[in-house]
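Structure, as structure tokens:
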Protein chains: 2
Amino acid sequence: MRFITRDTDYALRAMVLMARALRQEGRKVFTVEEIVLEEKLPKVFLRRILQKLAEKNMLLSYKGKSGGFSFLVKPARISIANVIRVFQGEIELTNCLLKGKICPNRPECKIRKKIKALNSRVVKDLENINIEELSE
Amino acid sequence: MRFITRDTDYALRAMVLMARALRQEGRKVFTVEEIVLEEKLPKVFLRRILQKLAEKNMLLSYKGKSGGFSFLVKPARISIANVIRVFQGEIELTNCLLKGKICPNRPECKIRKKIKALNSRVVKDLENINIEELSE
DNA sequence: CTTATTGATACTATATTAGTATCATTTAGA
DNA sequence: TCTAAATGATACTAATATAGTATCAATAAG
Ligand code: FES
Ligand code: FES
């Protein structure tokens with residue numbers, strides 16, 4: 001069962017790397033090249049991933065020579081849930097097991113409620129792990 | 001994010017249908033054809049799904065004319081987790097976010113522990129919803 | 001025997017995920 | 001001003017997983 005896709009995964013790794021270097025050496029800006037060399041990730045793919053994180057205002061990008069990416073939001077405030085949402089959309093294990101005629105899709109459906117409760121616990125847990133923590 | 005695949009989904013629907021007819025009319029054996037007619041599912045695909053459930057000893061199959069499928073295990077004892085496992089393998093949201101050098105894959109890793117705890121809660125919840133309940 | 005069923009397996013189609021190629025744009029600095 | 005090193009954008013390709021079809025064999029009721 002694939003819950004975390006490769007782009008989410010790579011995004012986490014890249015940011016964890018950045019967070020650690022920031023904390024330990026005060027390094028702020030990283031080029032895709034630097035991250036790729038350390039982590040052995042596919043370069044253009046990672047670039048697109050970082051671009052997306054910048055687009056979503058987690059990272060800040062600097063174009064041109066001596067450009068790169070830095071955090072726009074503190075690593076401690078970027079949760080796994082945030083990152084998953086960027087690449088995989090809303091976290092919904094499933095909001096309804098039996099659509100259609102078997103289980104009329106009514107708000108009062110018990111099963112639905114159970115699943116939703118389960119889902120919000122999962123989301124909450126994923127909100128509670130952040131990049132800073134991952135980098136420690 | 002796809003958590004439940006179509007085979008799991010169809011398996012649930014088929015069994016819910018069977019469970020309801022069992023409870024309400026005492027019907028025990030169902031052919032693929034009958035289920036397909038009621039639920040509008042792809043026939044050969046569903047057949048393979050039911051075969052698999054039989055193989056895994058949830059259903060019992062009867063070959064030959066007037067054959068079909070019945071429950072081998074009571075619907076109340078078949079959980080969603082059971083069904084997911086049949087078609088999608090072990091339920092593991094992810095047991096490790098950062099394999100490789102960033103986060104050495106050690107048993108004492110905190111993140112890993114957190115994720116595992118989260119995972120077992122999810123599994124536990126999915127163990128607690130069963131076909132009988134779904135059919136009510 | 002015939003026919004309605006499941007068993008098994010190979011095949012095809014579709015969708016998603018993963019990754020590459022390429023060119024445009026920006027900017028620091030020689 | 002020019003060059004080189006970076007990101008921005010986008011189209012393409014490859015690999016994989018999911019969904020579904022086609023077919024024939026085996027079984028058993030009547
Ligand atoms: S499970 Fe979807 S409405 Fe009940
Ligand atoms: S997250 Fe995998 S060992 Fe820490």
For this session: Could you pull out the closest heavy-atom pair between Val83(A) and Met58(A), with the gap in Å?
Result: N-CE, 4.4 Å
Exercise. Which pairs count as side chain to side chain donor-acceptor pair (under 3.5 Å) when at least one residue sits in residues 32-46 of chain A, sequence neighbours excluded?
Worked result: Arg27(A)-Glu34(A), Glu33(A)-Lys43(A)
Problem set entry | Atom NZ of Lys114(B): over 12 foreign heavy atoms under 6.0 Å | yes
Exercise. Which pairs count as side chain to side chain donor-acceptor pair (under 3.5 Å) when at least one residue sits in residues 10-25 of chain A, sequence neighbours excluded?
Worked result: Asp9(A)-Arg13(A), Arg23(A)-Glu132(A), Arg23(A)-Ser135(A)
Exercise. Roughly, in whole Å, what's the span from CZ in Phe87(B) to C1' in dG20(D)?
Worked result: 15 Å
Exercise. Going by number, which of residues 27-43 of chain A have a non-hydrogen atom under 4.0 Å from DNA chain C?
Worked result: Pro42(A)
Seminar exercise, completed: Here the distance between atom C1' of dA18(C) and atom CD of Gln88(A), to the nearest Å, is 13 Å
Problem set entry | Ile49(A) CD1 to dT20(C) C1', straight-line distance once rounded to whole Å | 13 Å
Exercise. Say you draw a straight line from CZ of Phe45(A) to CG of Leu50(A); how long is it, rounded to the nearest 0.5 Å?
Worked result: 11.0 Å
Problem set entry | Leu46(B) CG - dG7(C) P separation (whole Å) | 12 Å
For this session: Rounded off to whole Å, could you give me the CD1-to-P distance for the Ile4(B) and dT18(D) pair?
Result: 14 Å
Problem set entry | Ile49(B) CD1 to Phe87(B) CZ distance, which is reported to the nearest 0.5 Å | 5.5 Å
Exercise. Which residues satisfy the side chain to side chain contact (heavy atoms under 4.5 Å, CB included) test with Ser79(A), sequence neighbours excluded?
Worked result: Ala81(A), Asn82(A), Glu127(A)
For this session: Looking only at side-chain atoms of Arg48(B), point me to the closest of dA11(D), dT7(D), dA10(C).
Result: dA10(C)
Exercise. Is there a donor-acceptor contact under 3.5 Å linking the side chains of Ser61(B) and Gln51(B)?
Worked result: no
Exercise. Leu53(B) has an atom CG; how far is it from atom C1' of dT6(C), in whole Å?
Worked result: 14 Å
Exercise. To the nearest angstrom, how far is Leu50(A) atom CG from dT7(D) atom P?
Worked result: 8 Å
Exercise. How would nucleotides 23-30 of chain D be written as a contact map, 5' to 3', with B for base contact, S for sugar-phosphate-only contact and - for no contact, using protein heavy atoms under 4.0 Å?
Worked result: B---BBB-
Exercise. Rounded to the nearest Å, what distance is computed from the NZ atom of residue Lys52(A) to the P atom of nucleotide dG8(D)?
Worked result: 14 Å
Seminar exercise, completed: In numerical order, the residues of residues 6-20 of chain B whose heavy atoms come under 4.0 Å of DNA chain C are none
